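This is a predicted model, so every value here is computed, not measured.
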Amino acid sequence: MDMQALFDRPQGVGRVLDAGFRLFRAGWGNALLLGFIAALLGLAPQLAGELLTPDLRVGQSVVLLGAGVIVLLLVNFIVIGALIAHLAAVARGQPIGLGVALRTGLRRLFSFSFSVLFYLLAVLVGMLLFLVPGIILSVSLMLAMCAVIIDGDGPVAAVRRSHRLVWGSWWRTAAVLGVAFALFMIFTLGFQSLAAVAALSAGAGLSELTLLMAVVSSLGNVVGLPLFDAVAVALYHDLKLRREGADLTERLDGTLAPA
């Protein structure tokens, strides 16, 4: 599969989603492995809190867990960046190894981290300004992380590119990402529901149930995160075709920009 095999002209919502699903199937092996690693990293702080806090003074626990959360968050950004790099490479018909994908995520860590920070700050400020601007920005800036990994943009350039690509196609983008997010939640909530029924039937207490739900949510992320990112990569390609026109084809060979 290559980017042009996904589609070589702008597509409707259904075809973009179909391209994302095909991309997920084409790169499912390493995608699921990276999704599993990301799920473990996301779960680790809660597990550490359960296991370490009783043995340490409160102050030490807070400092230790705070530092651990920051480190794990940065490592998780590397893994998510690697996932996007892997999917983009599969879409280009030039699959890369897991090590190459992780090195791409590591090289882009600074830009990726700050693009996420800018995204969260912009959405937060927008939410405080009568909610609607936050909703608009939550969609229009969502693809900044793809711009960082796929085109090598810096954090500010990535946020601007995402906004420029989405603006004028906001409702289409919201529809595509909405379906992808709904599927993401279906995996998570489906696992949670089954786990909750099993735990309650076994007479589990509140703390055990809370921990179990966190573990099960992470299992849903193993599939949900790669699927969402595959749709995001396909959508990013569609929006670039719409906004950047015919010269995009000439730049596809450089989709993963050099460090």
Can you tell me how far the [atom1] atom of [X] sits from the [atom2] atom of [Y], to the nearest 0.5 Å?
X: Phe110; Y: Ser115; atom1: CZ; atom2: OG; result: 10.5 Å
X: Trp28; Y: Leu33; atom1: CH2; atom2: CG; result: 10.5 Å
X: Phe24; Y: Leu183; atom1: CZ; atom2: CG; result: 10.5 Å
X: Leu74; Y: Leu41; atom1: CG; atom2: CG; result: 11.0 Å
X: Ser138; Y: Leu124; atom1: OG; atom2: CG; result: 12.5 Å
X: Arg9; Y: Leu241; atom1: CZ; atom2: CG; result: 9.5 Å

Just wondering, do [Y] and [X] contact through their side chains at under 4.5 Å, heavy atoms?
X: Phe112; Y: Ile84; result: yes
X: Phe114; Y: Val156; result: no
X: Leu98; Y: Leu34; result: yes
X: Leu165; Y: Leu143; result: no
X: Leu137; Y: Ser140; result: yes
X: Gln11; Y: Arg242; result: no
X: Phe184; Y: Asn221; result: yes
X: Leu83; Y: Pro226; result: yes

task = Take His163 and Trp170 through the test side-chain contact (heavy atoms from CB on, under 4.5 Å) and record every step on the way to the result.
result = CA-CA 9 Å; His163 184 71; Trp170 192 93; over 6 Å; no
ask   = Can you name the side chain to side chain donor-acceptor pair (under 3.5 Å) partners of Arg103, sequence neighbours left out?
value = none
Cluster question for you: counting only ILVMFWY and a side-chain heavy-atom cut-off of under 4.5 Å, with indirect links fine, are [X] and [Y] together?
X: Ile136; Y: Leu128; value: no
X: Ile70; Y: Leu117; value: yes
X: Val132; Y: Leu120; value: yes
X: Met185; Y: Leu225; value: yes

Closest approach of [X] and [Y], non-hydrogen atoms and distance?
X: Leu141; Y: Ala122; answer: CD1-CB, 3.7 Å
X: Val222; Y: Ala39; answer: CG2-CB, 3.9 Å
X: Pro133; Y: Leu129; answer: CD-O, 3.0 Å
X: Asp151; Y: Lys240; answer: OD2-NZ, 2.9 Å
X: Gly154; Y: Val148; answer: O-CG2, 4.5 Å
X: Leu109; Y: Phe77; answer: CD1-CB, 3.8 Å

ask   = side-chain contact (heavy atoms from CB on, under 4.5 Å) between Met127 and Ile135: does it pass, once the steps are laid out?
value = CA-CA 7 Å; Met127 289 294 184; Ile135 296 174; 4.1 Å; yes
inquiry  = Among Val116, Leu121, Val123, which residue satisfies the side-chain contact (heavy atoms from CB on, under 4.5 Å) criterion with Tyr119?
reply    = Val123
inquiry  = Using a strict threshold of under 4.0 Å (side-chain N to carboxylate O), is an ion pair present between Arg172 and Asp238?
reply    = yes
Please check: side-chain N/O of [X] versus main-chain N/O of [Y], any donor-acceptor pairing under 3.5 Å?
X: Ser162; Y: Ala158; value: no
X: Arg164; Y: Val159; value: no
X: His86; Y: Pro95; value: no

ask   = Within a radius of less than 6.0 Å around CH2 of Trp171, do more than 12 heavy atoms belonging to other residues, nucleotides or ligands occur?
value = no
ask   = More than 12 foreign heavy atoms under 6.0 Å from CZ of Phe118: is that the case here?
value = yes
task = Evaluate the side-chain contact (heavy atoms from CB on, under 4.5 Å) criterion for residues Arg107 and Thr104: first the C-alpha distance (whole Å), next the side-chain angles of each, then the deciding distance (0.1 Å), finally the verdict.
result = CA-CA 5 Å; Arg107 288 198 303 268; Thr104 301; 3.4 Å; yes
request  = Please lay out, stage by stage, how Asp153 and Ser111 fare under the test side-chain contact (heavy atoms from CB on, under 4.5 Å).
outcome  = CA-CA 8 Å; Asp153 288 350; Ser111 295; over 6 Å; no
ask   = According to the interplanar angle, ranging from 0 to 90°, do the rings of Phe181 and Phe228 count as parallel (below 30°), tilted (30 to 60°) or perpendicular (above 60°)?
value = perpendicular
